[in-house]
Enquirer: 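Please find one structure pasted underneath; my questions will follow.
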Amino acid sequence: MSERTRITYSRRAVSKNSEIKKDEQTVIEKEDDTESTLEIERIRGDPSMLQSMTVKELKELTRRMGVAARGNKKDLVSALMESLGEEVIGKEGASTIEQIGLSEVPSKRKGAASVVVEQKLETSEVISATPSKRSRTKQKSIKGTTPEENPVTTVKINKTSHKKETVVANGAIAKAGLGLNVDGAEPWTVLVHKKPQAEWIPYNPKVMRPPPLSKDTRALKILSWNVNGLKALVKNRGFSVHELAQREDFDVLCLQETKIQEKDVDVIKESLLEGYTNSFWTCSVSKLGYSGTAIISRVKPLSIKYGLGVPDHDTEGRIVTVEFDDFYLLTAYVPNSGDGLKRLTYRVTEWDPCLGNYMKELEKSKPVILTGDLNCAHQEIDIHDPAGNSRSAGFTKEERKSFETNFLSKGFVDTFRKQHPDVVGYSYWGYRHNCRKTNRGWRLDYFLVSESIAERVHDSYILPDVSASDHSPLGLILKL
């Protein structure tokens, strides 16, 4: 008799017993509790399995794990993912963070903060609030300083496996009174990197942005955002672009990966933003509901151009160029090299050189600003796990070299890196494995400007608290 037949037979027998009225799932669990535990452990190792489970299975799993959750499948998956994010590491090494304030951590001297990071990578990584103790395990110390008053931050890593991920409580955050923000409210203020340098500090826009310009200074504020599907953003993610406009009061908004079709443009233009009467959209015609870029502006441009002027590159709606009095502005969604790096050769030998040459041609008449998802983390500081992603699309040596050759070496300036040379600030976090919650991200989004106007950039910043997409918006304030 097969195992399945035995279970069915057992269930039928039990159902006839008036003293035991439990469903089949409970009977199976009692007969083989070890198998149930192994199933939960498999899900902890790969939380993406939740997406393929039925509502009934998800409800049973919440019961087993002691997770209080109700609602539809999306609500159940969300509750379970949140619980898993607090307990274990997914494939990319999500950190579990206990609540801790810098005031709770003993310091060796005035102005210094010490945090013990216990690495238990066989099952999880835990940031502990316990004071440093003598240990037989070999320890490594990393010291970092901040630009102001140079408070020393010491991070001790107890190595219990061959992997490590460093989480640093930085002096700049302590000075601002923000602590570690381990409740997840501001995870970007925690430095999470597998190969940190001593001078690196995490990005915190609350303390790192310059004071606002005076009202009599002429300036233009540009925002750029990969929305990962504009209709989905507006309808399903509970977020309005109106809210972003009210908060940021930008003059120009550049969008990437709108994923809309040409037939949808007029309806979206009418309803998306009030007061921004100039908008210019390009959509993919080779693959519907894919890619797509747009520029929405209060200021009327002098001219508009779609694409690069090369048919082989212009069927996916990846470039819009507008001309203003003082500069050209491009919004770009650079092709991803894709799974298995299928488009890597096209990307680095055709697309990037064509875009770089196009920008240099425009620059002959006036400065150029390029913004958007450029799909490249340029340096190791721009990605939380450099070694682990050396052959991942967006961080291959070919893409990084191409970025350098076709843009930076041609005189275009990475404005965020110029303003923050030693700051770890990410703009993209994958949806899987709670990457945003644990700040395991990439910096894929940029403002690149002609060298001739680089000194006119008052501020280049990221808005990591805007989380309605897997990318956060970027901002640039340019003095005119």
Side-chain angles (χ1 to χ4, degrees), residues 48 51 74 77 222-245 250 252-273 276 278-297 304-308 311-322 329-340 342-343 346-347 351 355 370-376 393-394 427-432 435-436 441-446 463 466-474:
S48 63
Q51 299 293 345
K74 181 179 178 181
V77 170
I222 307 169
L223 253 64
S224 178
W225 194 11
N226 178 323
V227 293
N228 191 18
L230 186 57
K231 289 199 290 186
L233 174 82
V234 174
K235 290 182 180 179
N236 302 327
R237 300 181 203 154
F239 182 83
S240 169
V241 179
H242 287 282
E243 295 174 319
L244 186 63
F250 51 77
V252 184
L253 175 63
C254 299
L255 301 177
Q256 305 90 41
E257 207 173 359
T258 58
K259 296 184 179 179
I260 63 172
Q261 300 180 38
E262 290 180 345
K263 64 182 180 65
D264 302 320
V265 169
D266 289 338
V267 174
I268 289 178
K269 284 172 67 171
E270 291 175 3
S271 60
L272 190 64
L273 273 178
Y276 293 80
N278 308 283
S279 66
F280 313 97
W281 305 73
T282 180
C283 306
S284 173
V285 294
S286 61
K287 183 178 178 181
L288 300 182
Y290 173 72
S291 189
T293 51
I295 294 179
I296 303 166
S297 177
I304 307 99
K305 181 178 178 180
Y306 302 97
L308 294 170
D312 288 346
H313 304 327
D314 291 344
T315 62
E316 295 179 348
R318 293 185 176 274
I319 296 277
V320 180
T321 304
V322 295
L329 173 64
L330 288 70
T331 181
Y333 179 40
V334 171
N336 191 300
S337 294
D339 293 337
K342 291 179 293 188
R343 301 189 82 183
Y346 165 71
R347 157 80 183 272
W351 173 271
L355 176 56
L370 169 68
T371 187
D373 178 359
L374 305 190
N375 261 318
C376 179
S427 65
Y428 164 81
W429 301 261
Y431 282 133
R432 297 179 64 184
C435 288
R436 185 183 282 270
W442 305 48
R443 189 171 73 98
L444 300 177
D445 306 85
Y446 297 81
L463 298 174
V466 180
S467 57
S469 167
D470 50 358
H471 293 252
S472 280
L474 312 179

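In this text, all values refer to a predicted model and were calculated from it rather than measured experimentally. Position 1 is the first residue of the sequence; numbering continues from there.
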Enquirer: Got a second to check how far D470's CG is from S427's OG, nearest 0.5 Å?
Expert: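 That separation rounds to 10.0 Å.
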
Enquirer: How long is the gap from CG on L230 to CG on L255, to the nearest 0.5 Å?
Expert: 6.5 Å

Enquirer: By ring-ring contact (aromatic ring centres under 6.0 Å, His included), which residues pair with W351, not counting sequence neighbours?
Expert: H313

Enquirer: So, taking the atom named CD1 in I295 and the one named OG in S279, what distance separates them when rounded to the nearest 0.5 Å?
Expert: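 It comes to 10.5 Å.
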
Enquirer: Would you mind reporting whether C283 and I260 have side-chain heavy atoms less than 4.5 Å apart?
Expert: yes

Enquirer: With sequence neighbours left out, write down each residue that passes ring-ring contact (aromatic ring centres under 6.0 Å, His included) with Y306, or none if nothing qualifies.
Expert: none

Enquirer: V267: which residues meet the side-chain contact (heavy atoms from CB on, under 4.5 Å) condition with it, sequence neighbours left out?
Expert: none

Enquirer: Return the minimal non-hydrogen interatomic distance between S286 and E316, and the atom names on each side.
Expert: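 In this case the closest contact between S286 and E316 is OG-CG, 3.5 Å.
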
Enquirer: Please round to the nearest 0.5 Å and tell me the distance separating atom CG of L273 and atom CG of L253.
Expert: 6.5 Å

Enquirer: For D373, run the side chain to side chain donor-acceptor pair (under 3.5 Å) check against T331, N226, N336 and tell me which one passes.
Expert: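 The residue from T331, N226, N336 that satisfies side chain to side chain donor-acceptor pair (under 3.5 Å) with D373 turns out to be N226.
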
Enquirer: For residues A468 and Y431, report the shortest heavy-atom separation together with the two atoms involved.
Expert: O-OH, 4.3 Å

Enquirer: Output all residues satisfying side chain to side chain donor-acceptor pair (under 3.5 Å) with T371, sequence neighbours left out; order by chain, then residue number.
Expert: S224

Enquirer: Using salt bridge (Lys or Arg N to Asp or Glu O under 4.0 Å) as the criterion, list what pairs up with R347, not counting sequence neighbours.
Expert: D352, E399

Enquirer: Using the test salt bridge (Lys or Arg N to Asp or Glu O under 4.0 Å), find all partners of K259 that sit at least two apart in sequence or belong to another chain.
Expert: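 Testing K259 for salt bridge (Lys or Arg N to Asp or Glu O under 4.0 Å), a comparison that skips the adjacent residues, returns E257.
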
Enquirer: List in chain and number order the residues that pass ring-ring contact (aromatic ring centres under 6.0 Å, His included) with Y276, two or more places apart in sequence or in another chain; answer none if no residue qualifies.
Expert: F250

Enquirer: Quick check: do L330 and L355 have side-chain heavy atoms less than 4.5 Å from each other?
Expert: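 In contact.
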
Enquirer: Once side-chain contact (heavy atoms from CB on, under 4.5 Å) is applied, do any residues pair with S467, and if so which ones, sequence neighbours excluded?
Expert: R436

Enquirer: With sequence neighbours excluded, tell me which residues meet salt bridge (Lys or Arg N to Asp or Glu O under 4.0 Å) with K231.
Expert: D264

Enquirer: Quick one: list whatever passes side-chain contact (heavy atoms from CB on, under 4.5 Å) with K263, sequence neighbours left out.
Expert: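 Counting only residues at least two positions away or on another chain, K263 forms a side-chain contact (heavy atoms from CB on, under 4.5 Å) with Q261.
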
Enquirer: With sequence neighbours excluded, tell me which residues meet ring-ring contact (aromatic ring centres under 6.0 Å, His included) with Y333.
Expert: none

Enquirer: Go through the structure and list residues passing side chain to side chain donor-acceptor pair (under 3.5 Å) with S291, not counting sequence neighbours.
Expert: none

